[in-house]
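Just so you know, these numbers come straight off a predicted model, no measurement behind them. Reckoned from all heavy atoms, side chains included, excluding hydrogens, waters and symmetry mates. The chains referred to below are lettered A, B, ... by the order of the sequence lines, with proteins before strands, and numbering in each begins at 1.
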Amino acid sequence: MLLKRTHTCGELTKEHVGQAVALNGWVDAWRDFGGLVFIDLRDRYGVTQVVFEPEAGADLQAQARELRNEYVVGIRGTVAARLAGKENPKLKTGAVEVRAVELVVYNASPTPPFEINGPEPNEELRLKYRFLDLRRPDLQRVFILRHEVGQTMRRVLSEQGFLEVETPILGRSTPEGARDFLVPSRVHASHFYALPQSPQLYKQLLMVSGFDRYFQIARCFRDEDLRATRQPEFTQLDVEMSFVEDEDVMTAMEPLIAAMAKQFGGEELRLPLPRLDYHDAMERFGSDRPDLRYALELKDLADIAEQTEFRVFQMAKEAGHRIRGLCAPGGAEKYSRKDLDGLTEFAATFGAKGLVWLKVEAETFAGPTAKFFKPEVQAQLRERFDAKVGDLILIVADSQAVTSQALSNLRARLAAELKMYEPKTFHYSWVVRFPLLHWDAEENRYAAEHHPFTMPLAEDLHLLDTDPSKVRAQAYDLVINGEEGAGGTIRCHDPAIQSKIFALLGLSPEQAEEKFGFLLSALRNGAPPHGGVAFGYDRMVMLYAGLTNIRDCIAFPKTAKGTDLMTGAPGLVEPRQLKELHIRSS
RNA sequence: GGGGAUGUAGCUCAACUGGUUAGAGCACCGGCCUGUCACGCCGGAGGUUGCGGGUUCGAAUCCCGUCAUCCUCGCCA
């Protein structure tokens, strides 16, 4: 029999004293005193103490004595104020308790594989018993936040006239980008659907249809290796607008960003957000998504380095490499010789063959390579970094890519270890004017930096013919604390420019027509100028929940190898199923 | 595909350089207890040290292989 609840377990206060109530929930803890039995009853709203007193009868007490952790029960009783001095300030409901008069056990439970209110078990176990893991209040709070983030996105965009439209999950595979997840067609032998990497092309088609302002909270699929912040399926807030330039899209998104910052970050944002040129970001921070909660800027040191006798620097110059560095305030004291070996090893994982370190002292520099720096060269270095005694200068001599990667990662690590920022603050900025293309040496052709339908900056159009890698795009990323929170572009709605870009990407007109015919046809049939942006929904939730791991904000996530430890997916299927799909499996 | 970390009781962890019968807290089982809320007290059960080899008088500990989870490089327009 169901004892229908009149209240939740997080609801009862002094105001309810004397009322007859019914609660439903899980046994969070039990305390048996012989003559008196206490049960903490838990649901997603909180915990309420239930007491079984002798007055309720021996039968009921005996029944209560059988309860164990995680039994699901219904309880009927009367709300009573706790005895004076016996209140529990840790509970919202701690001023009262429910004196039980009836107990129904809906379901017993074996001893759970881990304690719901105990220490966090290892993740393998958590994922195997995810339905139990999700009972933990910490995780429940994340999903409440996730819901609220979605509500805010829908509300703010709807207020601005954006329409939510759904697009297909079963689509077709297109070249470029990530590896597709494929779904075989039963009706059409050897033909496959692809799950969308994003609703990119569909939302452009919606613009051609005249929908003007679109959004969707869309599931996306990419068959690539996972990371702490990457899952094979994840969720984007996908947005597209017509009759806009890049500034219009950023401006349109800022009220939403400000609403989220206020509601979930507790911060009143000043708009417009800062715009940072891609080129400047790479030069000053070595990254297209720098964490701007702290400065710690990179400096070019080529002119100073060439005054040294240091062979590594000379060779770098001959190879056309760059010599760049940064200066960590107070780093000399913080990092021992052994720590510095650790930093060198860390830099090596990003391809740096070495790391020059110099400890700034009153009169000179300390470090194994300090002897190569003559006093006047040291003076220039001090000046370049505005270095103080006790600072640590780190220098990498390598290619543009390696110096950027190694130093930007060192920058992030040093800032964290030297506590150069408040962990719980947020910094929002747009990084703009990304390159349109980059040279792919493996494929021996240009590849799209963002995607093949990105509009170049008007002032760079002439470079398409002469120096394509210099062409900048109408592309913009929202960077929050060193993470890409959102990214977008203005799309190419001009068939002539589009075919030039296809040619650079190594696509013949015939190939382009075959792969993207439906889009090209749409673009020829009255496509408005349009562009958009997509936010990482999971990432926003992670950020505001203070998580470092995307799995903790996805209800049923996959492991790093893409398996679901709870359901066993991916699993084998019946030979009959394969036969229907015209698939032979090895 | 490469690199790194971890794997010991149901859970969280311990066990110095290889050395007695692999321990503790929580959970679990039995008993006592009328005001607890990390209840307390008494007693108890619980181990293929991930798995498979090897070295050794002796392996949780050392070596090889393998599996799983996590982090990371490549990859991810």
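Classified by interplanar angle (parallel below 30°, tilted 30° to 60°, perpendicular above 60°), the ring pair A:F516/A:F502 is parallel. Below 30°, between 30° and 60°, or above 60°: for A:F453 and A:H451 the angle between ring planes is between 30° and 60°, a tilted geometry.
Contact annotation: A:Q405 side-chain N/O to B:rG74 OP1/OP2 distance is under 4.0 Å. The shortest distance between the side-chain N/O atoms of A:R179 and the OP1/OP2 oxygens of B:rG74 is not below 4.0 Å. Here A:T349 does not reach the OP1 or OP2 of B:rC73: none of its side-chain N or O atoms lies under 4.0 Å away. A sub-4.0 Å separation between OP1 or OP2 of B:rC67 and a side-chain N or O of A:K561 is absent. Within the structure, every side-chain polar atom (N or O) of A:R31 is placed at least 4.0 Å from both OP1 and OP2 of B:rU34. The phosphate of B:rU36 (OP1 or OP2) has a side-chain N or O of A:K86 nearer than 4.0 angstrom.
No donor-acceptor contact under 3.5 Å links the side chain of A:E345 to the base of B:rG4. In the interface, the side chain of A:R82 is paired with the base of B:rU36 through a donor and an acceptor atom under 3.5 Å apart. The base of B:rG7 does not come close enough to the side chain of A:N122 for any donor and acceptor atom to sit less than 3.5 Å apart. One cannot find a donor-acceptor pair under 3.5 Å joining the base of B:rU34 and the side-chain atoms of A:E53. Taking only distance into account, the side chain of A:R222 never meets the base of B:rC76 through a donor-acceptor pair shorter than 3.5 Å.
A stacking contact links A:F38 to B:rU36: the aromatic ring centre lies within less than 5.5 Å of the base's six-membered ring centre, and the planes differ by less than 30°.
In this structure B:rA68 sits in a base pair with B:rU6, meeting the Watson-Crick or G-U test at under 3.5 Å. When both distances must be under 3.5 Å, the Watson-Crick or G-U wobble mate of B:rA15 does not exist.
With B:rC39, B:rG74, B:rU12 as the candidates, the nucleotide lying closest to the side chain of A:R230 is B:rG74. Of all nucleotides listed (B:rC37, B:rG10, B:rU69), B:rG10 comes nearest to the side chain of A:E115. Listed nucleotides: B:rC37, B:rA27, B:rU34. Nearest to the side chain of A:T111: B:rA27. Checking B:rC37, B:rA68, B:rC11 against every side-chain atom of A:D40, the shortest atom distance belongs to B:rC37.
The cationic group of A:R68 lies under 6.0 Å from the six-membered ring centre of A:W30 and within 45° of the ring axis, placing it in a cation-pi geometry. For the pair A:R219 and A:F234, the cation-pi test (distance below 6.0 Å, angle within 45°) is failed.
Under 3.5 Å, the side chains of A:R44 and A:Q140 contain no donor-acceptor pair of N or O atoms.
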